[in-house]
Amino acid sequence: ISQFNPKYFLLTGLPGLEAMYPCFIFPFCSIYLVALLGNSLVLAVIRKNTTLHQPMYLFLAMLAFAELGVSASTLPTVLGIFLFGANEICFEACLLQMFSIHSFSIMESGVLLAMSVDRFVAIYNPLRYAAILTRPRIAATGAALGLKSVTLMLPLPFLLKRLPFCGHSVLSHSYCLHSDLIQLPCGDTRPNSILGLCIVTSTFGLDSLLIVVSYVLILYTVLSIISGEGRRKALNTCVSHICAVLVYYVPMISVALVHRFMKRAAPAVRLLLAKVYLLVPPVLNPIIYSVKTKQIRQEL
């Protein structure tokens, strides 16, 4: 088997549905427009209105920033395929896209965890809420989440670049993902696989577990409130965040289950679900928070 250093990778749209690509142009363009415009508006509203410079909204701004990053990272190649049939991407650009997608996804997961802690503090100790979650602490949290995502992902492009490639250079998605890229080298990919598993476990796995723990504590605290009206108000403050968590993790789990148990499903189905996993949260979360949050709705 001949080894080579690839200059280009070939991206995959929706196999078997190439003739229908013009039908997908409007939906995908609309999705990206809503995602980019919605999250930009949320950021602009929170930045403009000083009354929204509170922990909950500052964390929401971080979430919008992370989702803008995910959308902007996938947009060039996804729309390039469906609009222009451009399915080539150079090796360095592919590594950069992989780094960006995963880094912003890790940050998004971390922000959702921070928001669950924010809701717990607000319900458990409302009188000291502002004293506990001060602006410097929130800024430090945001910086730590950004630094963590970059630090965890930084070694992966260099580990991939050192590997020899052989055979084909066709990727199975419309964008570059680490799990896709490590299928192509013919060298020893164990360091990449082990590091990738550690990253997934220490971020998405740990974050989702701690979010569940946070909501168990929230539920326990809410049940200790004597007033029924007080319980309802406390739970209502969590509705938007619960929706955001479900919008983020349900597609992720669905993609994992389809890849694990439905290997005979049409490739187009699996690839469409993978796109849903990355594209749906940035679209729905601005809508959820705009509808459910009175202050943001009024500003918009």
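Here the structure is a predicted model, which means the values were calculated and not measured.
With Cys243 as the partner, the side-chain contact (heavy atoms from CB on, under 4.5 Å) test is satisfied by one option alone out of Leu284, Ile288, Asn285, Ile287: Ile288.
Inspection of the Asn49 and Gln295 side chains reveals no N or O donor paired with an N or O acceptor under 3.5 Å. A donor-acceptor pair shorter than 3.5 Å cannot be found between the side chains of Tyr57 and Thr51.
A donor-acceptor contact shorter than 3.5 Å links the side chain of Ser149 to the backbone of Gly146.
Between Leu14 and Phe82 the shortest side-chain heavy-atom distance falls below 4.5 Å. When side chains are defined from C-beta on, Leu79 does not count as touching Phe84, because their heavy atoms never get closer than 4.5 Å. Leu278 has its side chain within reach of Ser105: a pair of non-hydrogen atoms, C-beta onward, lies under 4.5 Å apart. Proximity of Gln183 to Ser172: side-chain heavy atoms (C-beta onward) are nowhere separated by under 4.5 Å. Using a 4.5 Å cut-off on side-chain heavy atoms (C-beta onward), Tyr289 and Val42 make no contact.
The minimum heavy-atom distance between Ile106 and Met153, with the atom names listed, is CD1-CG, 3.8 Å. What you find for Glu108 and Pro281 is that their closest heavy atoms are OE2-CB, 3.7 Å.
The aromatic rings of Phe28 and Phe24 are tilted relative to each other, their planes meeting at an angle between 30° and 60°. Using cut-offs of 30° and 60° on the angle between ring planes, the pair His102 and His178 is perpendicular.
We find the CZ-OG distance between Phe104 and Ser73 to be 5.5 Å, quoted to the nearest 0.5 Å.
In this structure, Leu209 is not a member of the same hydrophobic cluster as Leu217, with clusters built from ILVMFWY side-chain heavy atoms closer than 4.5 Å.
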